[in-house]
Enquirer: 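Got a structure for you, questions after.
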Amino acid sequence: MMKKFTAVSAALIAACSLRADAPKLENLGEPVRCGEMQISGVSREGGKTVAWSAIRLPERRGIAGIDVDSGKVSWVNLDKYNPQSLLARVHGGKVYAFLRTEKGTVVEYDIASGKTVEHSVPVSGGDVISSSADISSDGKL
């Protein structure tokens, strides 16, 4: 009985694959990830309001800025630092990315110019980057 079922199944599969209008598999790309995105801060530069978030995924790390009116996404790629953790804050027209790396790194992103400046921070064995921080009015963490 099992041999007959297998033979019939194989015949049906073969017959379906010979049809001219048989469905074809299509590569749709990477799956869509769903989840929450924590907003690190909001900037208001040049008439645009942009929400900023630190993004750390297995395949990419950086800061994403989402224009709240158009939905356009700006991306600041931080892959070259390979941070173990990433924290972003917005202050005075700049986004500061605090990266937990071997030497400790702060990347300053100027929103208007789109330029980044890297600042190395001496890190001792007990220093860590907290999951929360605020920037005071004088620009200090």
Side-chain angles (χ1 to χ4, degrees), residues 2-141:
M2 185 61 146
K3 288 182 182 179
K4 188 175 185 180
F5 176 74
T6 305
V8 171
S9 298
L12 285 172
I13 291 171
C16 288
S17 64
L18 295 175
R19 291 182 33 201
D21 62 337
K24 295 179 182 164
L25 295 178
E26 182 179 346
N27 183 352
L28 300 176
E30 292 293 317
V32 175
R33 287 195 171 98
C34 297
E36 296 179 3
M37 188 170 96
Q38 185 175 356
I39 302 301
S40 301
V42 176
S43 65
R44 292 178 180 86
E45 304 291 325
K48 292 183 179 180
T49 302
V50 179
W52 294 91
S53 179
I55 307 289
R56 189 171 178 277
L57 300 171
E59 69 279 1
R60 64 194 272 187
R61 292 152 213 80
I63 307 165
I66 298 92
D67 186 312
V68 297
D69 293 322
S70 70
K72 181 181 175 197
V73 177
S74 301
W75 178 255
V76 180
N77 189 339
L78 301 173
D79 282 338
K80 72 178 185 178
Y81 303 103
N82 194 23
Q84 297 168 356
S85 62
L86 171 59
L87 174 70
R89 291 294 180 254
V90 180
H91 179 74
K94 297 180 180 178
V95 181
Y96 297 90
F98 302 91
L99 312 174
R100 189 172 133 212
T101 59
E102 286 184 20
K103 63 180 179 176
T105 305
V106 176
V107 175
E108 176 184 319
Y109 174 72
D110 186 288
I111 298 167
S113 71
K115 295 182 180 178
T116 58
V117 177
E118 176 185 333
H119 305 281
S120 293
V121 180
V123 178
S124 65
D127 293 339
V128 296
I129 292 179
S130 171
S131 62
S132 64
D134 290 310
I135 297 178
S136 66
S137 60
D138 63 357
K140 295 181 181 176
L141 183 65

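Computation of the quantities below employed the complete heavy-atom set of this structure, encompassing side-chain atoms and omitting hydrogens, waters and symmetry-equivalent molecules.
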Enquirer: Test Val107 against every option in Phe98, Tyr96, Tyr81 by the side-chain contact (heavy atoms from CB on, under 4.5 Å) rule and name the one that passes.
Expert: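 Of Phe98, Tyr96, Tyr81, side-chain contact (heavy atoms from CB on, under 4.5 Å) with Val107 is met by Tyr81 alone.
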Enquirer: Under 3.5 Å, is there a donor-acceptor pair between the side chain of Ser113 and the main chain of Lys115?
Expert: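 It does hold such a pair.
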Enquirer: Given side chains that start at C-beta, do those of Glu45 and Val50 come closer than 4.5 Å, heavy atoms only?
Expert: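 With C-beta onward as the side chain, the pair stays apart.
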Enquirer: Give every residue pair that meets the ring pair (Phe, Tyr, Trp, His ring centres under 6.0 Å) criterion with at least one member in residues 38-71, sequence neighbours excluded.
Expert: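 Matches after skipping sequence neighbours: Trp52-Tyr109.
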Enquirer: Do you know which two heavy atoms are closest between Leu78 and Pro83, and how far apart they sit?
Expert: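 Between these two residues, the closest heavy atoms are O-CD, 3.8 Å.
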Enquirer: Please report the closest heavy-atom contact between Lys48 and Asp67, naming both atoms and the distance.
Expert: CD-OD2, 3.6 Å
Enquirer: When rounded to the nearest 0.5 angstrom, what is the spacing between CD1 in Ile66 and OG1 in Thr49?
Expert: 13.0 Å
Enquirer: Restricting to non-hydrogen atoms, name the atom on Asp79 and the atom on Asn77 that form the minimum distance, rounded to 0.1 Å.
Expert: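 That closest heavy-atom pairing would be N-OD1, 2.7 Å.
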Enquirer: If every non-hydrogen atom of Leu99 is compared with every non-hydrogen atom of Leu86, which pair is closest and at what distance?
Expert: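 Smallest interatomic distance, heavy atoms only, reads CD2-CD1, 2.9 Å.
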Enquirer: So, Ser53 side chain and Gln38 main chain: donor-acceptor pair closer than 3.5 Å or not?
Expert: yes
Enquirer: Does some side-chain heavy atom of Val42 sit less than 4.5 Å from a side-chain heavy atom of Arg44?
Expert: yes
Enquirer: Just jot down the side chain to side chain contact (heavy atoms under 4.5 Å, CB included) partners of Arg56, sequence neighbours excluded, or say none.
Expert: Arg61
Enquirer: Rounded to the nearest 0.5 Å, what separates atom CZ in Arg60 from atom CD1 in Ile55?
Expert: 8.5 Å
